[in-house]
Amino acid sequence: MENAILLSGISVDDFMHKVRQTVVETIHAEKEAAPPKQSNPNYLTRLEVAERLNISLPTLNEYTKRGIVPAYRIGARVLYKESDINNSLNQIRVK
């Protein structure tokens, strides 16, 4: 009987309950100990956004001025969050 564990004085149900309880406590302890995930947004340049949307740079500039595509200025650079670009795209529903 290799790798056999013999238990006496405890029922199978009690043993399984203790194992489940230990696993749940361990998972909760790991979640509390782990630092919260910080999602760093992926920033894109004007050229990358224009290429991704298949539009020209002047068109992108116009969309930015109108507020259709939100932009962020860092010094002289204008950057766009990838998530904002994806959210700016609207699905057209065809009847």
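Numbering of residues begins at 1 and proceeds along the displayed sequence.
Counting heavy atoms from C-beta outward, Ile68 and Glu62 have side chains that stay 4.5 Å or more apart. With contacts defined as side-chain heavy-atom distances shorter than 4.5 Å, the pair Val69/Ile85 qualifies. In this structure, Leu53 and Leu89 have side chains that are in contact, with non-hydrogen atoms separated by less than 4.5 Å.
For Tyr80 against Ala71, the heavy-atom pair with the smallest separation is CE2-CB, 3.4 Å. What you find for Glu48 and Tyr43 is that their closest heavy atoms are OE1-O, 4.3 Å. The minimum heavy-atom distance between Ser88 and Pro70, with the atom names listed, is OG-CD, 3.5 Å. Of all heavy-atom pairs spanning Arg46 and Val78, the tightest one is CG-O, 3.8 Å.
Surrounding CG of Asn54 are at most 12 heavy atoms belonging to other residues, nucleotides or ligands under 6.0 Å away. Within a 6.0 Å sphere centred on OH of Tyr63, other residues, nucleotides and ligands contribute 12 heavy atoms or fewer. Summarising the local packing, CZ of Phe15 is surrounded by 12 or fewer heavy atoms from other residues, nucleotides or ligands at distances under 6.0 Å.
Separation of atoms CD (Glu32) and NE2 (His28) is listed at 8.0 Å; rounding is to 0.5 Å. Separation of atoms CG (Asp14) and NE2 (His17) is listed at 8.0 Å; rounding is to 0.5 Å. In this structure, Met16 CE and Ile10 CD1 are separated by 11.0 Å, a value rounded to the nearest 0.5 Å.
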Stepwise side chain to side chain contact (heavy atoms under 4.5 Å, CB included) test for Leu79 and Leu44: CA-CA 6 Å; Leu79 298 175; Leu44 303 171; over 6 Å; no

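When the side-chain contact (heavy atoms from CB on, under 4.5 Å) test is applied to Thr22, the partners found at least two apart in sequence or on another chain are Thr26.
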